[in-house]
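Worksheet: the structure to be examined is printed underneath.
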Amino acid sequence: MSEAILLVGGQGTRLRPLTSHIPKPLLPVAGVPFLTHQLARAAAAGVTRVILATSYLAELFEAEYGNGARLGLELEYVTEESALGTGGAIRNAARRLRSAPSDPVLVLNGDILSGVDIAALRAHHRLTGADVTLQLKRVGDPRAFGLVPTDEGGRVTAFLEKPQTPEEIITDQINAGCYVFTRSVIDRIPPDRVVSVERETFPELLATDAQVRGVVDDTYWLDLGTPAAFVQGSADLVRGRVTSPALPGPPGDALVLPGARVHPAAVLSGGTVVSPGAVIEEGAVVEGSVVMTGAHIAPGATVHASAVGRHAQVGPGTSLEATVVGDGAHVEEGNELPPGVRIACGARMAPYSVRLSAAPTPCATEHTAVRPTSGARGTARPATTA
Ligand code: GTP
């Protein structure tokens, strides 16, 4: 038996409002919940039993995967009443492990898309007799990550979380969120309290002279924690820039899932995904984006590097650039949104509310002043178009 713990309990605050109703690991990435890619990858590497460490919206995980048979895995769920942090979650989930004290246990963050060779990492761990082996990734700008310098033999020499000053940036190697622990090491993490594996467990292991090793991996790697990374990861999977055993079709420029409707005169590109029940109308251009279940993109709309939530609507001629549209939101006709805008779930943005270019018609013909509604003192509603 080969076991793994997957950390899937975080709130995914950086991805709000996409994570308001769906936990980050269950957001659709290249047509399936992101976690499906990770579970399929673990199964392909010989993992047979997975403990999912859940907390935020915990009940949705079991509803999605049940006992795991569909993926050829035995799945167990361990839910924290209040989030225990990464280390606390690993310790808590270990109650369900069946591995012997000297067995290797794979631990994965539930938001990393990577091409790492899991079986090779585990083999390296066994070969070196390490207590913990971390996958490391080289990045150009490591400031948002945990730095993990190693010596020539691959032993980790320090852990530095999110360095800010140039003196602190002593390596370009970062913690890639994929570890192999010798099981007995997990059992030494303090139980029933919040623990950060990055800030507490790993530094303490170094202080006690434990053997902590890093393996630099140069395959694809992306932390899907931000909206830009989320849409990019999905597009990269669709285009085959990173592979997954769970991809629901061959790589290509776009993935249109069964039950979606795309007008022949619409243009899809850049690894766009159109989910079941979504509609893309005539003349719409959708590039490098995720269009979720039941969403509607109206004629002539332009959607670039954006995520359009479930049953959200994008009006005629509206253009979105690196935008997140929450579930059920409606961005009506003629809006032009600059990069980085997030529309709340269920919100409605009136026609021509936000423009980067001049509105095609003068203001006075679009809206008259807001005035009180008759019979409802103190409330106001927009007047109808003149
Ligand atoms: P942000 O709020 O946007 O930072 O996202 P996050 O909540 O997912 O936090 P982060 O990206 O740092 O978490 C890395 C991984 O650990 C993710 O897969 C999380 O689901 C998971 N994780 C973080 N905190 C906890 C926790 O307290 N319990 C469990 N079970 N998992 C956690």
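Worth knowing before you read on, the calculation uses all heavy atoms, side chains too, and leaves out hydrogens, waters and symmetry mates. These numbers were taken from a predicted model, which means no experiment stands behind them. Counting starts at 1 for both ligands and their atoms, following the listed order.
- Under the 4.5 Å side-chain criterion, counting only non-hydrogen atoms from C-beta, Leu15 is in contact with Pro227.
- At the shortest separation from atom 31 (N) of ligand 1 among protein heavy atoms lies Gly9 N, 3.0 Å.
- Under 4.0 angstrom from ligand 1, there are no non-hydrogen atoms of Val194.
- Side-chain contact, Thr150 with Gln173: a donor N or O sits under 3.5 Å from an acceptor N or O.
- There is a side-chain donor-acceptor pair under 3.5 Å between Ser2 and Arg122.
- Crowding of His124 atom NE2: a count of heavy atoms from other residues, nucleotides or ligands under 6.0 Å exceeding 12.
- Protein heavy atom nearest atom 28 (N) of ligand 1, with residue, atom name and distance: Glu80 OE1, 2.8 Å.
- Ligand 1 has no nitrogen or oxygen under 3.5 angstrom from a nitrogen or oxygen of Ala83.
- A donor-acceptor pair shorter than 3.5 Å cannot be found between the side chains of Thr243 and Tyr220.
- Of the protein's non-hydrogen atoms, the one nearest atom 12 (O) of ligand 1 is Arg14 NH2, 4.7 Å.
- Remark: the Glu321 side chain and the His304 side chain contain an N/O donor-acceptor pair separated by less than 3.5 Å.
- For atom 15 (C) of ligand 1, the nearest non-hydrogen atom of the protein is Asn109 CG, 3.8 Å.
- Protein heavy atom at the shortest distance from atom 7 (O) of ligand 1 is Gln11 N, 2.9 Å.
- Against a heavy-atom cut-off of under 4.0 Å, Leu84 is close to the following atoms of ligand 1: 27 (O).
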- Show your working on side chain to side chain contact (heavy atoms under 4.5 Å, CB included) between Leu26 and Tyr65 and close with a plain yes or no. CA-CA 11 Å; Leu26 293 185; Tyr65 296 110; 3.7 Å; yes

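- Under 4.0 Å from ligand 1, the heavy atoms of Val8 that appear belong solely to its backbone.
- Between Ser55 and ligand 1 there is no heavy-atom distance shorter than 4.0 Å.
- The shortest N or O to N or O distance between Pro25 and ligand 1 is not under 3.5 Å.
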- Message: As a quick check of understanding, evaluate side chain to side chain contact (heavy atoms under 4.5 Å, CB included) for His296 and His330, giving each step before the final call.
- Response: CA-CA 9 Å; His296 184 265; His330 190 171; over 6 Å; no

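- Atom numbering of ligand 1 starts at 1 in the shown order; those under 4.0 Å from a heavy atom of Thr13 are 1 (P), 2 (O), 3 (O).
- Here the heavy atom of the protein found nearest to atom 9 (O) of ligand 1 is Lys24 NZ, 4.4 Å.
- Nearest to atom 13 (O) of ligand 1 among the protein's heavy atoms is Asp111 OD2, 4.2 Å.
- Results of the side chain to side chain contact (heavy atoms under 4.5 Å, CB included) test with Thr323 over Leu337, Val303, Val331 single out Leu337 as the only residue that passes.
- Using a 30° and 60° split on the angle between ring planes, Phe34 and His37 fall in the tilted class, from 30° to 60°.
- With ligand atoms numbered from 1 in the order given, ligand 1 contributes 16 (O) to contacts under 4.0 Å with heavy atoms of Thr86.
- For atom 1 (P) of ligand 1, the protein comes within 4.0 Å by at least one heavy atom.
- Contact record, Tyr56 with Phe61: O-CE1, 4.0 Å, taken as the closest heavy-atom pair.
- Of all protein heavy atoms, the one lying nearest to atom 22 (N) of ligand 1 is Gly10 N, 3.6 Å.
- Classified by interplanar angle (parallel below 30°, tilted 30° to 60°, perpendicular above 60°), the ring pair Phe202/Phe181 is parallel.
- Residue-to-ligand polar distances keep Ala89 apart from ligand 1: every N/O pair is separated by 3.5 Å or more.
- Residue Ala53 places at least one N or O, backbone or side chain, under 3.5 Å from an N or O of ligand 1.
- Close contacts of ligand 1 with Gly85, meaning ligand atoms under 4.0 Å from a residue heavy atom, involve 26 (C), 27 (O), 28 (N).
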